[in-house]
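Chain A is the first sequence line, chain B the second, and so forth, proteins listed ahead of strands; every chain is numbered from 1. Values below: every heavy atom of this structure, side chains too, minus hydrogens, waters and symmetry copies.
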Protein chains: 2
Amino acid sequence: MPETARRPESRYGNRPTMKDVAARAGVGLKTVSRVVNGEPGVTADTERRVQEAIEALGFRRNDSARVLRKGRTASIGLVLEDLADPFYGPLSRAVEEVARAHGALLINGSSAEDPDREQELALALCARRVDGLLIIPAGDDHRYLEPEIRAGVATVFVDRPAGRIDADVVLSDNHGGARSGVAHLIAHGHRRIGFIGDMPRIHTAAERLRGYRTAMEDAGIPVADAWMSLGVTDPERVRRAAEEMLSGPDPVTAIFAGNNRVTVTVVRVLARLSRPVALVGFDDFELADLLRPGVTVVAQDAGRLGRTAADRLFRRLDGTLVAPERIELPTRLITRGSGELPPVG
Amino acid sequence: MPETARRPESRYGNRPTMKDVAARAGVGLKTVSRVVNGEPGVTADTERRVQEAIEALGFRRNDSARVLRKGRTASIGLVLEDLADPFYGPLSRAVEEVARAHGALLINGSSAEDPDREQELALALCARRVDGLLIIPAGDDHRYLEPEIRAGVATVFVDRPAGRIDADVVLSDNHGGARSGVAHLIAHGHRRIGFIGDMPRIHTAAERLRGYRTAMEDAGIPVADAWMSLGVTDPERVRRAAEEMLSGPDPVTAIFAGNNRVTVTVVRVLARLSRPVALVGFDDFELADLLRPGVTVVAQDAGRLGRTAADRLFRRLDGTLVAPERIELPTRLITRGSGELPPVG
DNA sequence: TAGAGCCTGGACAACGTTGTCACAGCCGGG
DNA sequence: CCCGGCTGTGACAACGTTGTCCAGGCTCTA
């Protein structure tokens, strides 16, 4: 242990440095550095002495200093909406795996769907000099990232495109997925089909709504305003929205739910109903197959989304890529029963 | 923008520094630092000039250098088992909120239940000089952290206690919870009750098994070996284990599932069965109420677990705490139907 | 045996920031 | 008019590491 407490008050600890190790081992500072980094040019005997000193002092290299010197932090940032949302679990896990394969650590934060907080987080990560940034955007104006991107922060957007800047984005085929889900309901005889989704300000929500409209149009079904409920996200309001479109003079016989949280709430509403109402949801969720009926969903592969985006980020760091690109991943319709119910009423 | 590219090859970008800003604003380096950090002692006019230069150059403070100087990184590390596991979503989210309230960022990684990987991750985080470490242990020997803790890394274990070192730990009352869950089954008339859980090497699994045994003992019911299945975790083996204890000459009439993944698999098995079998699971999970019958669970509050642990970590950083402590949070039995089924067979 | 070449090790600067200190200029009071 | 203090500013060292470069000692060859 170093002999004197010479660090400022603000420090939490008082750690041995390479200098301390060098002194103890009776070698030069740089020799310690070489041993720590496995660089060649150190005799076995010297190396042993250094290792012993490291062991004895409990030395661990200070990566902050290393970063300062080398310029790379070997860490990437992930800004998502909510870590607790089951959709993002597999996504961040996949990102983490890719990062790990590249020897990088993952720093992440939740924007809580708040554009200001997204910006605050993203810029904080830039200040830490993450090598790259994965962003699931909450806001729709990302010009604040321009200086960062110019300065070399590799940036890839996930799940939703960037706003007002040209950047890589990896997302699901929201339009096509919703379209096929709604077409599935239509194929099973439904014409009065409800749509409940998030604010159209959110890109995914807008695209899914568009998919709904396209499918209806394809089938020549005019859409009534009362069938659509937008910007509805908290369970209580979803419940009311569902109940409204299920009552009245011209009730829907099927509902398309714009995301997994909506789907789950709608399932709860339908469970209390006496007549069967068909349901297709966007996003798969655990146990969807165990419900009665099983819930038919348009599934996106969150893991693949994260993996693809992270791959792209690291390829960008390798300098292989140039022009920003938009990568759209296919969705998959999983039929489990709820989407195959015939229209009633 | 700085005039010359003077950074080494290894750098990703070429960012302006305070020196560049100072040069452009025609002031000293330290004055820029003062403006950036909102320190007093700068005239309005000087400040304006500096701000303009910052804007023009797209300067952002390099926190790596700041860290090196100040000693604190304002970041904490979280090592958990699997980010994709729904149990850890709310937990990390809660940790993140607390960190955010303290102006700290969260770095996290998954150990994949592998002790070596846990150690690798934890030490990598220490090398980055995180101020504190939250660990959901995979291994049972944490002496490798001793030098780090001595050096001042605040460390709090979550969900499971540390092995062979004395450290803070925040966990659920696994023994009491399992005991109450099994007692609940006994109270509903069951005597032949199965237990399916993880390897007893894992502390939570061992405690829950102990709770099962205690409850059975309390009721004077001798436990048959065939009723217990330990170290079973992947769905296929859980399925076989469940089927085995449900068949044979002396089948169980109820099952206590040691964690949520087991519970879900058991639900799948029971769904195919003709006769009703009672089920109580440890850990709540989404939609448990929507299944038929609803799944009775012993719920732990993952968010509270994370919040409590993070609070403790930051209080330790404030220097308020001394002796390591063990904090046990209560569990809650949530009855939904599956645990109240009478014994059949 | 001299010179060339290799191997090992260390001195030193640099990375970008912050803390310390000193200095210049100004004010007010004796 | 001088002195002490106060205010705004900047020079400089330090944080702990790595890259560059050079020195000294060795071996090998002519």
Side-chain angles (χ1 to χ4, degrees), chain A residues 2 4-23 25-50 54 57 59-74 126-129 151, chain B residues 2 4-23 25-50 54 57 59-74 126-129 151:
Chain A
T4 56
R6 60 190 189 293
R7 311 293 201 293
E9 275 286 323
S10 65
R11 309 227 146 204
Y12 284 131
N14 192 351
R15 284 176 155 277
T17 71
M18 285 192 178
K19 202 167 151 192
D20 298 316
V21 175
V27 301
L29 176 56
K30 183 64 216 226
T31 301
V32 177
S33 171
R34 274 193 268 262
V35 171
V36 169
N37 294 294
E39 286 169 27
V42 182
T43 47
D45 184 60
T46 310
E47 171 161 3
R48 196 183 37 71
R49 287 216 317 284
V50 172
I54 287 175
L57 296 175
F59 166 81
R60 186 163 317 282
R61 181 178 63 199
N62 184 333
D63 276 355
S64 291
R66 177 165 220 251
V67 158
L68 181 60
R69 191 60 234 265
K70 300 197 77 115
R72 298 193 182 205
T73 55
C126 289
R128 309 252 160 161
R129 296 294 187 266
Chain B
T4 56
R6 61 194 188 292
R7 310 293 201 295
E9 275 286 322
S10 66
R11 309 227 145 203
Y12 285 131
N14 192 351
R15 283 174 156 279
T17 71
M18 284 191 179
K19 202 167 150 192
D20 299 316
V21 174
V27 302
L29 177 56
K30 182 66 213 220
T31 300
V32 177
S33 171
R34 274 192 268 262
V35 170
V36 169
N37 293 294
E39 286 169 28
V42 181
T43 46
D45 183 60
T46 310
E47 172 161 1
R48 195 183 38 71
R49 286 215 317 284
V50 172
I54 288 176
L57 295 175
F59 167 81
R60 186 164 316 283
R61 182 179 64 199
N62 184 333
D63 276 355
S64 290
R66 177 166 220 251
V67 158
L68 181 59
R69 192 61 235 262
K70 300 198 75 117
R72 298 194 181 205
T73 55
C126 289
R128 309 255 160 158
R129 296 294 188 269

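Between B:Thr46 and D:dG8 there is no side-chain polar atom (N or O) within less than 4.0 angstrom of OP1 or OP2. Residue B:Thr31 places at least one side-chain N or O closer than 4.0 Å to OP1 or OP2 of D:dG10. Between A:Asn62 and D:dC15 there is no side-chain N or O to OP1 or OP2 distance below 4.0 Å. An OP1 or OP2 oxygen of D:dG8 is reached within less than 4.0 angstrom by no side-chain nitrogen or oxygen of B:Thr43. In this model, the phosphate group of D:dA14 is not approached by any side-chain N or O of B:Arg69 to a distance below 4.0 Å at OP1 or OP2. One finds no side-chain N or O of A:Ser33 lying less than 4.0 angstrom from the OP1 or OP2 phosphate oxygen of D:dT17.
Taking atom CZ on B:Arg49 and atom P on D:dT9, their separation rounds to 8 Å, with Å as the unit. Rounding to whole angstrom units, CG of residue B:Asp20 and C1' of C:dT17 are separated by 13 Å. Spacing between atom CG of A:Leu29 and atom C1' of D:dT18 amounts to 9 Å, rounded to whole angstrom units. When rounded to the nearest whole Å, the span between CD of B:Glu39 and P of D:dG8 equals 13 Å. The distance from atom CZ of B:Arg15 to atom P of C:dT17 is 10 Å, rounded to the nearest whole Å. Atoms CZ (B:Arg72) and P (C:dG19) sit 12 Å apart, rounded to a whole Å. A straight line from CZ of A:Arg61 to P of D:dG16 spans 15 Å, rounded to a whole angstrom. For B:Arg128 and D:dC15, the CZ to P distance is 23 Å, given to the nearest whole Å.
Among C:dT18, C:dT17, D:dG16, the nucleotide with an atom closest to any side-chain atom of B:Asn37 is C:dT18. Checked against C:dG19, D:dT18, C:dG16, the side chain of B:Lys70 finds its nearest nucleotide in C:dG19. In the set C:dC15, D:dC15, D:dT17, C:dC15 carries the atom at the smallest distance from any side-chain atom of A:Leu68.
The OG atom of B:Ser33 sits 5.5 Å away from the CD atom of B:Glu39 when rounded to the nearest 0.5 Å.
Closest approach of B:Arg66 to B:Asn37, counting heavy atoms only: NH2-OD1, 3.3 Å. The two atoms that bring B:Leu68 and A:Ala65 nearest to each other are CD1-CB, 3.6 Å, heavy atoms only. Heavy-atom minimum distance, B:Thr73 versus A:Arg128: O-NH1, 2.7 Å.
In this structure, A:Val21 and A:Leu57 have side chains that are in contact, with non-hydrogen atoms separated by less than 4.5 Å.
A donor N or O paired with an acceptor N or O is found under 3.5 Å between the base of D:dG10 and the side-chain atoms of B:Arg34. At a cut-off of 3.5 angstrom, the base of D:dG19 holds at least one donor-acceptor pair with the side chain of A:Lys30.
Nucleic acid contact for B:Val36: none, since no nucleic acid atom lies under 4.0 Å from a heavy atom of the residue.
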